[in-house]
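Order of appearance sets the numbers: ligands from 1, and atoms from 1 within every ligand. One is the number of the first residue; the rest follow in order along the sequence.
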Amino acid sequence: MILGIETSCDETAAALVTTGGAICSNVVSSQADLHARYGGVVPEVASRRHLELIGPVVREALADAGATLDDVERVAVTQGPGLIGALLVGLATAKALAWSRGLPLAPVDHLRGHVASLYLEPDPLEPPFLCLLASGGHTLLLDVRGYDDEHVLGTTLDDAAGEAFDKGARLLGLGYPGGREIDRLAAEGDAGAYDFPVARVPGLDFSFSGLKTALLYATRDLPPEELGARRADLAASYQRAIVRALVERVREAANGMGATRVAVVGGVAANSELRAALPDAALAPLPLCTDNAAMIASAGRFVRALPYPSYLGLDAYASR
Ligand code: KG4
Ligand code: ZN
């Protein structure tokens with residue numbers, strides 16, 4: 001089995017996955033509640049919390065799988081991109097575990113990890129395919145040609161799609177993280193109530209900052225009781241605009257390259273409207289959309305693992 005470890009943002013996660021891609025355990029301890037009162041992730045707070053949680057989370061992943069470290073043949077860990085202090089907790093833990101058991105260590109890129117959420121049992125996808133990766137930190141259109149071979153076709157020029165959800169939720173007075181809150185509230189609203197603009201930028205890139213400003217203008221002049229009454233309509237219209245922007249780009253890219261298979265991964269892939277708008281796409285399973293370690297262990301299968309002592313010098317990276 002492969003032990004996966006993920007600590008790039010505010011989820012402390014460990015998982016055990018077989019070399020064939022079956023998930024034996026997948027433990028995610030979210031720190032969202034801890035950061036909610038700040039309206040976003042506080043890096044230093046996240047690092048300290050990872051430090052407290054990583055030991056128990058790894059132990060729980062082993063226990064859930066009915067395994068011990070004797071059953072682990074490789075350790076896979078997120079090396080970046082993400083919060084440096086947070087990443088270093090996972091990386092140091094992975095190095096220590098690998099060293100203590102004489103195991104090789106596979107450094108995993110977090111974004112490849114999200115894509116690798118598609119390679120797990122019971123319904124694994126095989127490259128090539130066109131992939132939309134939409135998370136809190138990234139919005140990418142990827143031409144995935146092989147397990148370790150992808151090309152960036154488009155990216156966001158400003159905010160990531162998940163960031164747009166989170167910032168929109170804050171303007172609407174909803175909790176953090178905001179994507180799920182907007183998703184839930186939008187179901188009760190009228191998506192046609194507000195006509196929010198979908199930015200058109202050249203090529204296959206995305207832009208969400210104008211949309212956020214449009215929501216700001218729509219909300220700031222409303223008296224508090226009015227905002228309460230219009231909140232669901234605002235959420236539904238705002239979500240509609242984000243989903244439309246994503247889906248349009250996916251369609252354009254798919255047509256442009258003649259891609260027959262489209263996949264969607266990352267936290268925003270959990271969005272119910274986005275999922276409904278792309279019925280033929282391969283969608284990451286719901287529990288594997290937001291950050292988790294099963295996807296990291298999955299990606300670790302396709303990475304050249306480093307033997308002792310060469311992995312000791314590995315450093316985390318904040319951006320790609
Ligand atoms: O992949 P992820 O867990 O972390 C990053 O790598 O960034 O993505 C988190 C993002 C957050 O911005 C969150 O608001 C968004 O995914 N998200 C959603 C939903 N669930 C999570 N956005 C829209 N609808 C959802 N249901
Ligand atoms: Zn992520």
Trainee: Examine the side chains of Gln79 and His110 and answer whether a donor and an acceptor come within less than 3.5 Å of each other.
Mentor: no
Trainee: If the cut-off is 4.0 Å to any non-hydrogen atom of Asp183, which atoms of ligand 1 fall inside it?
Mentor: 24 (N), 25 (C), 26 (N)
Trainee: Would you mind listing which atoms of ligand 1 come within a distance below 4.0 Å of any non-hydrogen atom of Gly162?
Mentor: 12 (O)
Trainee: Hey, is the main chain of Gly178 close enough, under 3.5 Å, to the side chain of Asp166 for a donor-acceptor pair?
Mentor: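 Flag set: sc Asp166 to bb Gly178 pair under 3.5 Å.
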Trainee: Among the N/O/S atoms of His110, select the one at the shortest distance from the Zn ion (ligand 2) and name it.
Mentor: NE2
Trainee: According to the interplanar angle, ranging from 0 to 90°, do the rings of Tyr147 and Phe302 count as parallel (below 30°), tilted (30 to 60°) or perpendicular (above 60°)?
Mentor: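 Tyr147 vs Phe302 ring planes: parallel.
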Trainee: Using a strict 4.0 Å cut-off to heavy atoms of Asp166, name the atoms of ligand 1 that fall inside it.
Mentor: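 The atoms of ligand 1 under 4.0 Å from a heavy atom of Asp166 are 11 (C), 12 (O), 13 (C), 14 (O).
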Trainee: In the protein, which heavy atom is nearest to atom 2 (P) of ligand 1, and how far is it?
Mentor: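 The closest heavy atom on the protein side is Asp291 OD1, 3.4 Å.
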Trainee: Does the side chain of Gln239 come under 3.5 Å of the side chain of Asn271 through a donor N or O and an acceptor N or O?
Mentor: yes
Trainee: Could you tabulate the donor-acceptor pairs under 3.5 Å formed by side-chain atoms of residues 216-223, not counting sequence neighbours?
Mentor:
from   : atom 1 : to     : atom 2 : distance (Å)
Thr219 : OG1    : Leu215 : O      : 3.0
Thr219 : OG1    : Leu216 : O      : 3.0

Trainee: Quick test of your reading of the model: are Glu52 and Arg49 salt-bridged, counting only N-O distances below 4.0 Å?
Mentor: yes
Trainee: With backbone taken as N, CA, C and O and side chain as the heavy atoms from C-beta onward, which portion of His110 lies under 4.0 Å from ligand 1: side chain, backbone, both, or neither?
Mentor: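 Within the 4.0 Å criterion, His110 contacts ligand 1 through side-chain atoms alone.
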Trainee: Numbering the atoms of ligand 1 from 1, which are under 4.0 Å from a heavy atom of His114?
Mentor: 1 (O), 6 (O)
Trainee: Would you mind checking if Arg230 and Asp233 are paired as a salt bridge, meaning a charged N to carboxylate O distance below 4.0 Å?
Mentor: yes
Trainee: Which salt bridge (Lys or Arg N to Asp or Glu O under 4.0 Å) pairs, counting each pair once, include a residue from residues 202-214, with sequence neighbours left out?
Mentor: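 Passing the test, one end in residues 202-214: Asp159-Lys212.
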Trainee: Quick check on contacts: which atoms of ligand 1 are under 4.0 angstrom from a heavy atom of Thr290?
Mentor: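 Matching atoms, with element in brackets: 3 (O), 21 (C).
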Trainee: Answer yes when Arg301 and Glu73 have at least one side-chain N-carboxylate O distance shorter than 4.0 Å, and no when they do not.
Mentor: no
Trainee: Taking only heavy atoms of Ser135, which atoms of ligand 1 are found under 4.0 Å from at least one of them?
Mentor: 1 (O), 5 (C), 6 (O), 7 (O), 8 (O)
Trainee: For His50 and Thr7, which I'm curious about, is there any donor-acceptor pair between the side chains at under 3.5 Å?
Mentor: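 Per modelled atom types, His50 and Thr7 side chains form no pair under 3.5 Å.
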Trainee: Just need the protein heavy atom nearest to atom 20 (N) of ligand 1, so name the residue and atom and give the distance.
Mentor: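 Nearest protein contact, heavy atoms only, for atom 20 (N) of ligand 1 is Gly267 O, 3.5 Å.
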Trainee: Go through ligand 1 atom by atom and flag the ones less than 4.0 Å from a non-hydrogen atom of Gly137.
Mentor: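 Ligand 1 atoms under the 4.0 Å threshold to Gly137: 7 (O).
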Trainee: Looking only at protein heavy atoms, which one is nearest to atom 22 (N) of ligand 1, and what is the separation?
Mentor: Gly179 CA, 3.3 Å
Trainee: With heavy-atom distances below 4.0 Å as the criterion, list the atoms of ligand 1 near Asn271.
Mentor: 23 (C), 24 (N), 25 (C), 26 (N)
Trainee: Looking from the Zn ion (ligand 2), what is the angle between OD1 on Asp291 and NE2 on His114, to the nearest 10°?
Mentor: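 Nearest ten degrees: 100°.
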Trainee: Can you tell me the protein heavy atom closest to atom 9 (C) of ligand 1 and the distance?
Mentor: Gly136 N, 3.7 Å
